[in-house]
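Heads up: the structure comes next, in structure tokens.
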2 protein chains.
Amino acid sequence: MLAMSTSRPYHRDDLRSQLLDVAAELLEQDGANALSLREVARRAEVSHNAPYRHFASKDELLAALAASGFERLGASRSTDGGLVESGLAYVRFALGHPALFRLMFSGALTGAGADSLASAAELMRGSFGDDTPGDAVLSSWSFVHGLAALLLDGQVPEELRAGRDDETLARDILTVTATALGAG
Amino acid sequence: MLAMSTSRPYHRDDLRSQLLDVAAELLEQDGANALSLREVARRAEVSHNAPYRHFASKDELLAALAASGFERLGASRSTDGGLVESGLAYVRFALGHPALFRLMFSGALTGAGADSLASAAELMRGSFGDDTPGDAVLSSWSFVHGLAALLLDGQVPEELRAGRDDETLARDILTVTATALGAG
DNA sequence: AGGCAATGTTGGCAATGTCAACTTCGCGAC
DNA sequence: GTCGCGAAGTTGACATTGCCAACATTGCCT
């Protein structure tokens, strides 16, 4: 009984999500380039070819990872708040999951997972507000995304940082810019 | 003496820069992940291990590539102009050399080349203006960088694009935002 | 009970990054 | 001049990786 759906795995309980979990771990630990399918399989204690029953290729695994990233990013900033608060959520996500964030925007997402990924990205985008005029949305989004990316890469030099940690710096910049953009 | 390259000599004239040229080509053609040291060597018509006389590792080659990218980016926007013009140069660079731009900000630049890379990035940063207050610089830079990154990844949906091509869109957004930020 | 398709396994292949050992060449000291 | 030494290039090898093919297992459906 407990017949959920016909597609429940048996030898493993749910290898697909196990693989995704392990992969997410490895992603943040070793970076996207170092992530190997075989190592994922090893840590999940299955043979090196088992993942191919759930993902057609390595890229498809990565795409699934990225898609879940977009969902989580969208969710983490769904609570309405001004540009400052929602922007901070965006920055926190990037700094909290550096490799994932980079993967999401790496443009290396070919293959079948691309569409589900696109829709996930679309949802996330929506959280930037749909009532405001289009160009203002894009302006805010660009700004927040750029801030996150620069902080992530450690591109902000000490002169500009002036002793502030990432969180404080982000809040300051966001505040100043939000008022300027009139998107308090 | 100073002889021309009559035959395939054992010692090349300047293999290092030849390798960099070939690598830059492959980078834009196949993307950073697909770039292999061995293929670079093949196209330069040397053995698969010759590159190791000039670069300690693949990462070091990539770092050199990224460093030259920062120099070119800095140069391409050195001509002073408002945020709009210099921002457009930034965006054009990103869209003109997508793989290079991504590599530059991929954070995958470990190893020995990292310092020369850092200084090149520093120079580029300077072109954002040093007279303006620190936070304003960071704000502008974040905005421009984010815009470039989003356009690069095709993350701007049709609703926001409203039929405009990349160049026009970038100019519009930059103009609106520049006036708002008071950094005409 | 028995078939069957989904799931997982073993084995293999070509390609890659990198190490080690050998060869060839240019150049300066004698 | 020649000699040798170190830089630049070469061949060979090894472990690892992504992926394909063939085979084995397992539990649901009839």
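In what follows, every heavy atom counts, from backbone to side chain, and hydrogens, waters and symmetry copies are set aside. Fair warning: this is a prediction, and the values are worked out from it, not measured in the lab. Numbered from 1 within each chain, the chains take letters A, B, ... in sequence-line order.
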Quiz item: Under 4.0 angstrom, heavy atoms only, what part of the nucleic acid is S47(A) near: base, sugar-phosphate, or nothing?
Solution: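 Answer is base: heavy atoms of S47(A) come under 4.0 Å of a base.
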Practice problem: Would you mind classifying the nucleic acid contact of R16(B) as base, sugar-phosphate or nothing, using non-hydrogen atoms under 4.0 angstrom? | Solution: nothing
Can you check whether [X] has a side-chain N or O nearer than 4.0 Å to OP1 or OP2 of [N]?
| X | N | value |
| --- | --- | --- |
| R38(B) | dA14(C) | no |
| R53(A) | dC19(D) | no |
| H54(A) | dG8(C) | yes |

Hey, is the main chain of [Y] close enough, under 3.5 Å, to the side chain of [X] for a donor-acceptor pair?
| X | Y | result |
| --- | --- | --- |
| S142(A) | L138(A) | yes |
| S106(A) | L103(A) | yes |
| T179(A) | V176(A) | yes |
| S140(B) | A136(B) | yes |

Integer-rounded Å distance: [N] [atom2] and [X] [atom1]:
| X | N | atom1 | atom2 | answer |
| --- | --- | --- | --- | --- |
| L15(B) | dC25(C) | CG | P | 16 Å |
| L37(B) | dT18(C) | CG | C1' | 9 Å |
| R42(A) | dT17(D) | CZ | C1' | 9 Å |
| N33(A) | dG17(C) | CG | C1' | 13 Å |
| N49(A) | dC19(D) | CG | P | 10 Å |
| E60(B) | dT18(C) | CD | P | 10 Å |
| L26(B) | dA15(C) | CG | P | 16 Å |
| Q18(A) | dG8(C) | CD | C1' | 13 Å |

Practice problem: Assess whether one donor atom and one acceptor atom, taken from the side chain of H48(B) and the base of dG9(D), lie less than 3.5 Å apart. | Solution: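 A donor-acceptor contact between them is absent.
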Practice problem: Please state whether the base of dG18(D) and the side chain of D59(A) form at least one donor-acceptor pair under 3.5 Å? | Solution: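 Looking at the base of dG18(D), it does not pair with any donor or acceptor on the side chain of D59(A) (distance under 3.5 Å).
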Quiz item: How close do L35(A) and K58(A) get, heavy atom to heavy atom, and via which atoms?
Solution: O-NZ, 2.8 Å
